[in-house]
Engineer: 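Submitted below is the structure of interest, expressed as structure tokens.
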Amino acid sequence: FKSNNIPVGLAHVDKAIAASAAAGVKPPESWYARASSVAYKAKLNSESAKWTREQVRAYPTKDNWRSALVVYRDAATRDGNLNLDIFRLMRLTKSMAGERDYYEFASLAFERGLPGEAKSVIDEAIATAAVPAGSRALTELRSMASSKVASDQASLAASERQAAASATGRIASATADAYLAYGQDAKAVTLYQTALTKGGVDIDAVNTRMGIAMLRSGDKVGARTAFASVKGAARADIAAFWLLWLDQQA
């Protein structure tokens with residue numbers, strides 16, 4: 001690392017961890033932290049994600065989950081759709097903290113036409129005292145989201161009919177996203193399956209979100225299959241993080 005030969009240095013950390021494990025000794029947490037820090041500073045995003053995942057695998061604390069997902073979110077992407085799925089995992093692992101996290105999560109959901117999820121995220125933030133109840137930014141965003149929930153929910157039945165009649169899976173995928181946002185995971189799974197059958201959608205994004213819906217509805221086997229089907233470079237790392245969380249629930 002000191003000679004700036006980062007890939008070789010990371011390979012040596014790999015070997016050291018394997019040797020330690022083979023000897024029946026748990027590798028120290030500092031090894032994972034050092035490797036992830038070096039990879040992050042070198043802008044090796046996939047390596048950084050790998051090492052933060054390995055740190056969480058060995059030391060699955062809330063703080064490590066937060067560090068891993070924040071580093072991945074900040075280094076890997078500015079894609080709002082992907083960030084939304086990162087925030088969903090942060091919420092599940094209880095690794096969100098502070099007004100910025102909750103506001104960004106809720107904003108991403110609201111901007112993508114998911115007012116129910118935006119409202120529920122803010123409600124959770126206030127109920128758990130994660131943010132001050134008088135937060136002006138969150139109060140205003142909650143008010144905007146709340147005003148759209150009823151009409152949005154009322155439109156879903158028609159969207160389902162349009163999805164069934166459509167030649168492509170785009171409407172099915174969008175309607176599934178809406179049901180996922182409302183926590184109606186079984187309906188979301190059915191519509192994601194329709195979207196994949198009809199085609200014309202981002203397969204990796206659909207499989208990621210179908211995995212989330214299956215996991216939340218208790219279908220761990222289906223969730224594992226869905227996450228494992230995510231192969232594209234843009235989403236492979238977030239699917240791996242979801243698989244890691246799934247592994248830790250066994």
Side-chain angles (χ1 to χ4, degrees), residues 69 73 77-166 168-196 198 200-202 205-217 235 238:
L69 292 173
R73 183 190 70 198
T77 181
R78 295 297 176 191
D79 180 334
N81 285 313
L82 181 55
N83 280 348
L84 188 58
D85 293 333
I86 296 170
F87 273 115
R88 285 168 171 155
L89 184 52
M90 291 180 71
R91 186 182 189 185
L92 192 62
T93 57
K94 302 186 185 305
S95 57
M96 293 177 64
E99 184 172 355
R100 178 185 172 187
D101 276 355
Y102 285 96
Y103 182 80
E104 187 173 349
F105 185 176
S107 294
L108 285 169
F110 185 71
E111 290 163 5
R112 281 154 186 78
L114 305 172
E117 187 165 26
K119 177 180 178 297
S120 71
V121 166
I122 296 171
D123 287 345
E124 178 181 297
I126 294 171
T128 59
V131 300
S135 166
R136 180 176 177 180
L138 286 177
T139 299
E140 290 177 352
L141 182 53
R142 185 186 184 282
S143 178
M144 290 189 293
S146 297
S147 70
K148 294 182 179 295
V149 168
S151 60
D152 183 53
Q153 289 180 320
S155 72
L156 292 179
S159 295
E160 281 192 74
R161 292 192 293 272
Q162 291 172 3
S166 176
T168 74
R170 287 193 294 272
I171 297 175
S173 177
T175 308
D177 286 346
Y179 278 123
L180 180 71
Y182 284 114
Q184 296 186 44
D185 298 311
K187 284 192 172 185
V189 168
T190 298
L191 283 159
Y192 284 131
Q193 290 170 335
T194 298
L196 290 174
K198 288 177 176 284
V201 296
D202 182 334
V206 170
N207 273 317
T208 302
R209 290 177 176 174
M210 184 164 67
I212 294 170
M214 287 175 163
L215 175 59
R216 295 194 323 201
S217 62
R235 280 185 166 267
I238 186 58

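Along the sequence shown, residues carry numbers from 1.
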Engineer: Hey, is CZ on Arg112 packed in by over 12 heavy atoms from elsewhere, all under 6.0 Å?
Structural biologist: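 Yes - once you tally the heavy atoms of other residues, nucleotides and ligands closer than 6.0 Å, there are more than 12.
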
Engineer: For the atom pair CZ (Arg235) and CG (Asp79), what is the distance rounded to the nearest 0.5 Å?
Structural biologist: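 So the gap between those two atoms works out to 7.0 Å.
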
Engineer: Which pair of non-hydrogen atoms, one from Leu141 and one from Ser107, has the smallest distance, and what is that distance?
Structural biologist: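 Leu141 and Ser107 have their closest heavy atoms at CD2-OG, 3.6 Å.
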
Engineer: State, to 0.1 Å, how close Val206 and Ser173 come at their nearest heavy-atom pair, and which atoms those are.
Structural biologist: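 Reported closest heavy-atom pair: CG2-OG, 3.7 Å.
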
Engineer: Indicate yes or no: at least one non-hydrogen side-chain atom of Thr175 is less than 4.5 angstrom from one of Gln162.
Structural biologist: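 No - every pair of side-chain heavy atoms lies 4.5 Å or more apart.
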
Engineer: Should Phe110 and Lys119 count as side-chain neighbours, where that means a heavy-atom distance under 4.5 Å?
Structural biologist: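 A side-chain contact under 4.5 Å is absent here.
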
Engineer: Return the set of residues passing salt bridge (charged side-chain N to carboxylate O under 4.0 Å, His left out) with Asp101 (not counting sequence neighbours), or none when no residue passes.
Structural biologist: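 Arg66, Arg73.
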
Engineer: With a 4.5 Å cut-off on side-chain heavy atoms, are Thr208 and Leu82 touching?
Structural biologist: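 Counting from C-beta outward, Leu82 and Thr208 never come under 4.5 Å.
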
Engineer: Minimum heavy-atom separation for Ser135 to Leu138, with atom names?
Structural biologist: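 Distance-wise, the nearest heavy atoms are OG-N, 3.3 Å.
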
Engineer: Can you tell me if Tyr192 and Asp177 form a side-chain donor-acceptor pair at under 3.5 Å?
Structural biologist: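 Their side chains do contain a donor-acceptor pair, which is all the 3.5 Å distance test asks for.
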
Engineer: Measuring from Asp185:CG to Arg216:CZ, what's the distance to the nearest 0.5 Å?
Structural biologist: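 So the gap between those two atoms works out to 4.0 Å.
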
Engineer: When rounded to the nearest 0.5 angstrom, what distance separates CE in Met214 from CG in Asn207?
Structural biologist: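 Separation between the atoms: 8.5 Å.
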
Engineer: Please report the shortest heavy-atom distance between Leu191 and Ala176, naming the atom on each side.
Structural biologist: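 Taking every non-hydrogen atom into account, CB-CB, 3.6 Å.
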
Engineer: Quick one: does Thr168's side chain get under 4.5 Å of Val201's, heavy atoms only?
Structural biologist: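 Side chain of Thr168 against side chain of Val201, heavy atoms only: no contact under 4.5 Å found.
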
Engineer: Looking at every non-hydrogen atom in both residues, tell me the closest pair between Ala137 and Glu99 and how far apart they are.
Structural biologist: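 Heavy-atom minimum between the residues: CB-OE2, 3.9 Å.
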
Engineer: Side chains of Lys187 and Leu156: does their closest heavy-atom pair fall under 4.5 Å?
Structural biologist: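 No. Closest side-chain heavy atoms not under 4.5 Å.
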
Engineer: Can you see which heavy atom on Ile122 is nearest to which on Arg142, and at what distance?
Structural biologist: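 Closest approach of Ile122 to Arg142: CD1-N, 3.6 Å.
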
Engineer: I need the Leu69 CG to Asn83 CG distance, nearest 0.5 Å.
Structural biologist: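 CG of Asn83 is found 11.0 Å from CG of Leu69.
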
Engineer: Are side-chain heavy atoms of Phe87 and Val121 found at a separation under 4.5 Å?
Structural biologist: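 No; the side chains remain at least 4.5 Å from each other.
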
Engineer: Can you establish whether the number of heavy atoms outside Lys198 located under 6.0 Å from its atom NZ is more than 12?
Structural biologist: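 Yes, because the 6.0 Å sphere around NZ of Lys198 holds more than 12 heavy atoms from other groups.
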
Engineer: Measure the shortest side-chain to side-chain distance between Tyr182 and Val149 over non-hydrogen atoms and say whether it is less than 4.5 angstrom.
Structural biologist: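 Side-chain contact under 4.5 Å: yes.
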
Engineer: Measuring from atom CE of Met90 to atom CG of Asp85, what distance do you get when rounded to the nearest 0.5 angstrom?
Structural biologist: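 Nearest 0.5 Å value for the CE-CG distance: 13.0 Å.
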
Engineer: What distance separates Ile212 CD1 from Leu89 CG, expressed to the nearest 0.5 Å?
Structural biologist: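 The CD1 atom of Ile212 sits 8.0 Å away from the CG atom of Leu89.
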
Engineer: Is the closest side-chain heavy-atom distance between Asn81 and Arg209 below 4.5 Å?
Structural biologist: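 Side-chain contact under 4.5 Å: yes.
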
Engineer: Do side-chain atoms of Ser146 reach the backbone of Ser143 as a donor and acceptor pair under 3.5 angstrom?
Structural biologist: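 Side chain of Ser146 to backbone of Ser143, a donor-acceptor pair under 3.5 Å: no, none is there.
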
